[in-house]
Amino acid sequence: MKQLYTKLLGSFDTVTKNSFSARKLTAFVIAMLVIVIHGFWIKNSCYKSDFSLFPEILLIDYGMMAVCLGLTTFENIKLKNGKKSNTSTTNIP
């Protein structure tokens, strides 16, 4: 438990190596928020017996997952091809 706490606090420091990945922390927080929001939606839908928005909710979820996976795949392909962003606009000898 102490190691988890240390790595979690170390994630806010950009210098130390004893920390979690920023991408993984962001993904974890977003996943937890989605779970909480879905829980509230399901509770409200059960209360009102109205699941009419269920297809739209699934479409939004699967669309967001596809976008996130597509961005990661695009970034990996870009890095494999060796393309890096060029910060200099002119190349004067």
Side-chain angles (χ1 to χ4, degrees):
M1 192 63 152
K2 182 181 178 186
Q3 183 182 10
L4 177 70
Y5 183 71
T6 304
K7 284 192 171 197
L8 187 62
L9 286 180
S11 299
F12 296 106
D13 186 11
T14 57
V15 178
T16 183
K17 299 285 185 188
N18 190 17
S19 62
F20 289 121
S21 167
R23 280 188 191 177
K24 290 177 186 173
L25 281 176
T26 303
F28 178 75
V29 168
I30 290 172
M32 291 299 110
L33 289 174
V34 167
I35 289 171
V36 168
I37 290 169
H38 280 64
F40 282 124
W41 180 78
I42 289 172
K43 178 183 165 190
N44 190 29
S45 295
C46 287
Y47 179 71
K48 293 182 178 181
S49 296
D50 179 25
F51 289 95
S52 62
L53 292 177
F54 189 67
E56 286 83 1
I57 298 292
L58 287 180
L59 182 68
I60 291 169
D61 287 346
Y62 290 135
M64 190 61 196
M65 284 186 256
V67 166
C68 290
L69 289 173
L71 289 175
T72 303
T73 304
F74 177 74
E75 187 68 28
N76 287 337
I77 290 171
K78 191 169 73 170
L79 289 175
K80 283 182 183 177
N81 291 337
K83 294 180 183 177
K84 295 181 181 175
S85 63
N86 190 3
T87 57
S88 64
T89 56
T90 59
N91 197 5
I92 302 172

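Sorted by first and then second residue, the pairs that involve residues 29-48 and meet side-chain hydrogen bond (donor to acceptor under 3.5 Å, both in side chains), not counting sequence neighbours, are His38-Asp61.
Remark: Met1 engages Leu4 in a side-chain contact (heavy atoms from CB on, under 4.5 Å) (not counting sequence neighbours). For Asp50, the side-chain hydrogen bond (donor to acceptor under 3.5 Å, both in side chains) partners are Ser52, not counting sequence neighbours. Looking at residues two or more places apart in sequence or on another chain, you find a side-chain contact (heavy atoms from CB on, under 4.5 Å) between Ile30 and Thr26, Val34. Under the side-chain contact (heavy atoms from CB on, under 4.5 Å) criterion, Leu33 pairs with Val29, sequence neighbours left out.
In this structure, the separation between CD1 on Ile42 and CD1 on Ile57 is 9.5 Å, given to the nearest 0.5 Å.
Side-chain heavy atoms closer than 4.5 Å link hydrophobic residues (I, L, V, M, F, W, Y) into clusters, and following such links, even through other members, never connects Ile35 to Met64. Met65 and Ile37 fall into different hydrophobic clusters, where Ile, Leu, Val, Met, Phe, Trp and Tyr side chains are chained together by heavy-atom contacts under 4.5 Å.
Enclosure of atom CZ in Phe51 by more than 12 non-hydrogen atoms of other residues, nucleotides or ligands within 6.0 angstrom is indicated. Atom CD of Glu56 has more than 12 heavy atoms from other residues, nucleotides or ligands within 6.0 Å.
Membership of the apolar cluster around Val36 extends to Phe40, as traced through chained side-chain contacts below 4.5 Å between ILVMFWY residues. Other cluster members for Ile60: none, since no ILVMFWY side-chain heavy atom sits under 4.5 Å from it.
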